Amino acid sequence: MPSFHNGAVEIAYLDEGEGEPIVLVHGFASSSNVNWVYPAWVSELKKNGRRVIAFDNRGHGDSGKLYDPALYDIEIMAGDIGALMDHLNIARADVMGYSLGSRMTAVLARRQPQRLRSAILGGIGIGLIEGGGPGENVAEALEASSLEEVTDPVGRTFRAFAEQTRSDRRALAACLRGSRRLMTRDETASISVPVLIAVGTADEIAGSADALGKIIPGSQVLNIPNRDHMRAVGDKVYKAGVLDFLSRRA
């Protein structure tokens with residue numbers, strides 16, 4: 001993967017296809033490969049005439065690993081999206097996040113709406129505002145000396161996932177602690193770009209998509225049937241809904 005520097009942090013990315021650009025922002029403990037390449041998002045979007053850009057978040061995948069939670073403030077992480085767009089001379093793009101990537105996308109949509117043609121918030125519902133996402137129990141699970149020591153069920157899920165993806169668990173724990181600031185209801189209600197909210201109906205981490213849809217003006221909601229937080233990512237209903245949403249953007 002090519003890379004660039006945003007300040008001192010090296011960010012690895014992919015840039016494939018031709019057409020209107022879409023930037024993909026993966027979730028916590030994942031990577032561009034795990035979130036977007038392996039579930040065939042990149043190939044599907046390219047088939048539909050899109051230029052696809054995806055990157056590994058700081059602390060994840062092939063990007064730089066940082067161990068100070070302050071360097072993972074959600075505003076700083078959202079800034080990595082804009083920095084990559086600047087690096088590639090992309091003034092405006094559709095941006096699709098998943099989970100943590102959606103929280104980053106929402107921050108960018110609020111702060112720099114002129115950069116977003118649309119925002120697709122996958123794997124995040126009312127948890128964007130009300131205590132959603134993994135907590136300190138997950139950070140402690142990541143720092144435990146072995147998976148066998150972890151008794152918290154959510155902690156075990158994320159610890160096992162981090163091991164499966166061969167992640168730097170100490171960097172992930174720092175990321176989790178540094179990026180947890182929630183958006184306020186007023187901040188969320190000020191998002192003015194076209195928004196699609198896509199959440200699995202069995203997702204107990206994201207919170208209700210419909211509840212978030214009532215707060216973001218003009219947003220559309222896509223409920224992904226019978227999918228939890230981990231299994232919604234590659235779902236065919238999710239893909240079809242996103243492609244339909246993108247086809248209707250001006």
Side-chain angles (χ1 to χ4, degrees), residues 19-27 35-36 41 44-45 48-54 74-75 77-82 84-85 90-133 179 181-203 205-225 227 229 232-233 235-250:
E20 287 288 341
I22 181 167
V23 181
L24 308 179
V25 192
H26 69 76
N35 229 149
W36 308 121
W41 272 107
E44 191 73 23
L45 288 162
N48 280 268
R50 303 303 296 251
R51 177 185 177 187
V52 185
I53 298 105
I74 195 69
E75 302 270 349
M77 294 192 74
D80 289 336
I81 306 173
L84 176 56
M85 291 172 65
I90 296 171
R92 188 168 176 256
D94 296 293
V95 180
M96 175 162 67
Y98 196 83
S99 196
L100 170 62
S102 289
R103 300 206 297 116
M104 294 161 60
T105 301
V107 168
L108 187 67
R110 181 180 68 84
R111 292 180 63 87
Q112 298 184 51
Q114 74 280 3
R115 304 300 304 266
L116 277 73
R117 186 168 173 260
S118 71
I120 300 163
L121 307 181
I124 196 72
I126 197 64
L128 183 68
I129 300 170
E130 298 177 357
S179 65
R181 187 182 75 79
L182 302 175
M183 291 184 77
T184 68
R185 187 171 290 262
D186 287 345
E187 286 172 343
T188 306
S190 74
I191 293 173
S192 58
V193 305
V195 171
L196 175 68
I197 303 162
V199 176
T201 58
D203 189 336
I205 293 173
S208 167
D210 292 296
L212 182 62
K214 291 175 182 174
I215 297 169
I216 300 177
S219 60
Q220 299 175 43
V221 170
L222 173 64
N223 287 301
I224 306 165
R227 294 297 191 191
H229 197 69
V233 178
D235 188 86
K236 62 183 180 181
V237 172
Y238 182 19
K239 288 190 180 122
V242 167
L243 291 171
D244 177 64
F245 176 77
L246 290 172
S247 74
R248 292 183 278 110
R249 301 281 60 75

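The shown structure was predicted, so the numbers you read here are calculated from the model rather than taken from an experiment. Nothing fancy with the numbering, it's 1 onward along the sequence.
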Student: Angle class for the Trp41/Trp36 ring planes (parallel below 30°, perpendicular above 60°, tilted otherwise)?
Tutor: perpendicular
Student: Applying side-chain hydrogen bond (donor to acceptor under 3.5 Å, both in side chains), name anything that partners Asp235, two or more places apart in sequence or on another chain.
Tutor: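 Here the qualifying residues are Arg227.
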Student: CD1 of Ile197 to CD1 of Ile126: how many Å apart, nearest 0.5 Å?
Tutor: 9.0 Å
Student: Considering non-hydrogen atoms only, spot the tightest contact between Asn223 and Ala209 and give its length.
Tutor: OD1-CB, 3.9 Å
Student: As an exercise, state the distance from OG of Ser102 to CE of Met96, rounded to the nearest 0.5 Å.
Tutor: 9.0 Å
Student: First locate atom CD1 of Ile81, then atom OG1 of Thr105, and finally report the distance between them rounded to the nearest 0.5 Å.
Tutor: 4.5 Å
Student: Applying the side-chain contact (heavy atoms from CB on, under 4.5 Å) criterion to Leu222, which one of Leu121, Val199, Val237 satisfies it?
Tutor: Val237
Student: Test of understanding: with side chain to side chain contact (heavy atoms under 4.5 Å, CB included), list the residues that count as partners of Arg185, not counting sequence neighbours.
Tutor: Glu130, Ile215
Student: If you round to the nearest 0.5 Å, how far is CG of Leu212 from CD1 of Ile191?
Tutor: 7.5 Å
Student: Specify the closest pair of heavy atoms between Arg103 and Leu128, including all atoms of both residues, with the distance to one decimal.
Tutor: CG-CD1, 3.8 Å
Student: With side chains defined as the heavy atoms from C-beta onward, is the minimum distance between Glu20 and Leu246 less than 4.5 Å?
Tutor: no
Student: Please give me the minimum heavy-atom distance between Ala232 and Tyr98, naming the atom from each residue.
Tutor: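 The answer is CB-OH, 3.6 Å.
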Student: side-chain contact (heavy atoms from CB on, under 4.5 Å) between Glu75 and Arg181: does it pass, once the steps are laid out?
Tutor: CA-CA 9 Å; Glu75 302 270 349; Arg181 187 182 75 79; 3.0 Å; yes
Student: Arg50 side chain to Gly19 main-chain N or O, any donor-acceptor pair under 3.5 Å?
Tutor: no
Student: Yes or no on side-chain contact (heavy atoms from CB on, under 4.5 Å) for Ile129 and Leu182, after CA distance, side-chain angles and deciding distance?
Tutor: CA-CA 5 Å; Ile129 300 170; Leu182 302 175; 5.8 Å; no
Student: Which pair of non-hydrogen atoms, one from Ser219 and one from Gly213, has the smallest distance, and what is that distance?
Tutor: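 Shortest heavy-atom separation between Ser219 and Gly213 comes out as OG-O, 3.1 Å.
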Student: Are any of the side-chain heavy atoms of Ile224 and Asp203 separated by less than 4.5 Å?
Tutor: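 Result no, sub-4.5 Å side-chain heavy-atom pair not found.
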Student: Run the salt-bridge test on Asp210 and Lys214 with the 4.0 Å N-O cut-off and return the result as yes or no.
Tutor: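 The answer is no: the pair does not qualify as a salt bridge.
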Student: Tell me, with the steps shown, if Met77 and Leu100 meet side-chain contact (heavy atoms from CB on, under 4.5 Å).
Tutor: CA-CA 10 Å; Met77 294 192 74; Leu100 170 62; 4.0 Å; yes
Student: Distance from Arg110 atom CZ to Asp186 atom CG, nearest 0.5 Å?
Tutor: 10.5 Å
Student: Going through the distances and angles, do Gln112 and Met85 end up as a side-chain contact (heavy atoms from CB on, under 4.5 Å)?
Tutor: CA-CA 12 Å; Gln112 298 184 51; Met85 291 172 65; over 6 Å; no
Student: Any side-chain heavy-atom pair from Glu44 and Val242 closer than 4.5 angstrom?
Tutor: no
Student: Using every non-hydrogen atom in the two residues, find where Ala93 and Val23 come nearest and quote the distance to one decimal.
Tutor: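 Looks like CB-CG2, 4.1 Å.
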Student: Just wondering, do Pro21 and Ile53 contact through their side chains at under 4.5 Å, heavy atoms?
Tutor: yes
Student: Could you report the tightest heavy-atom contact between Gly123 and Ala206, atom names first, then the distance?
Tutor: O-CB, 3.3 Å
Student: Does one side chain, of Ser118 or Asp94, offer a donor that lies under 3.5 Å from an acceptor on the other?
Tutor: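 Yes, because at least one side-chain N or O of Ser118 sits under 3.5 Å from a partner of the opposite role on Asp94.
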Student: Just jot down the side-chain hydrogen bond (donor to acceptor under 3.5 Å, both in side chains) partners of Ser99, sequence neighbours excluded, or say none.
Tutor: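 In terms of side-chain hydrogen bond (donor to acceptor under 3.5 Å, both in side chains), with neighbours along the sequence ignored, Ser99 is linked to His229.
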Student: Evaluate the side-chain proximity of Asp80 to Val25: yes if any heavy-atom separation is below 4.5 Å, no if none is.
Tutor: no
Student: Just wondering, do Ile74 and Met104 contact through their side chains at under 4.5 Å, heavy atoms?
Tutor: yes
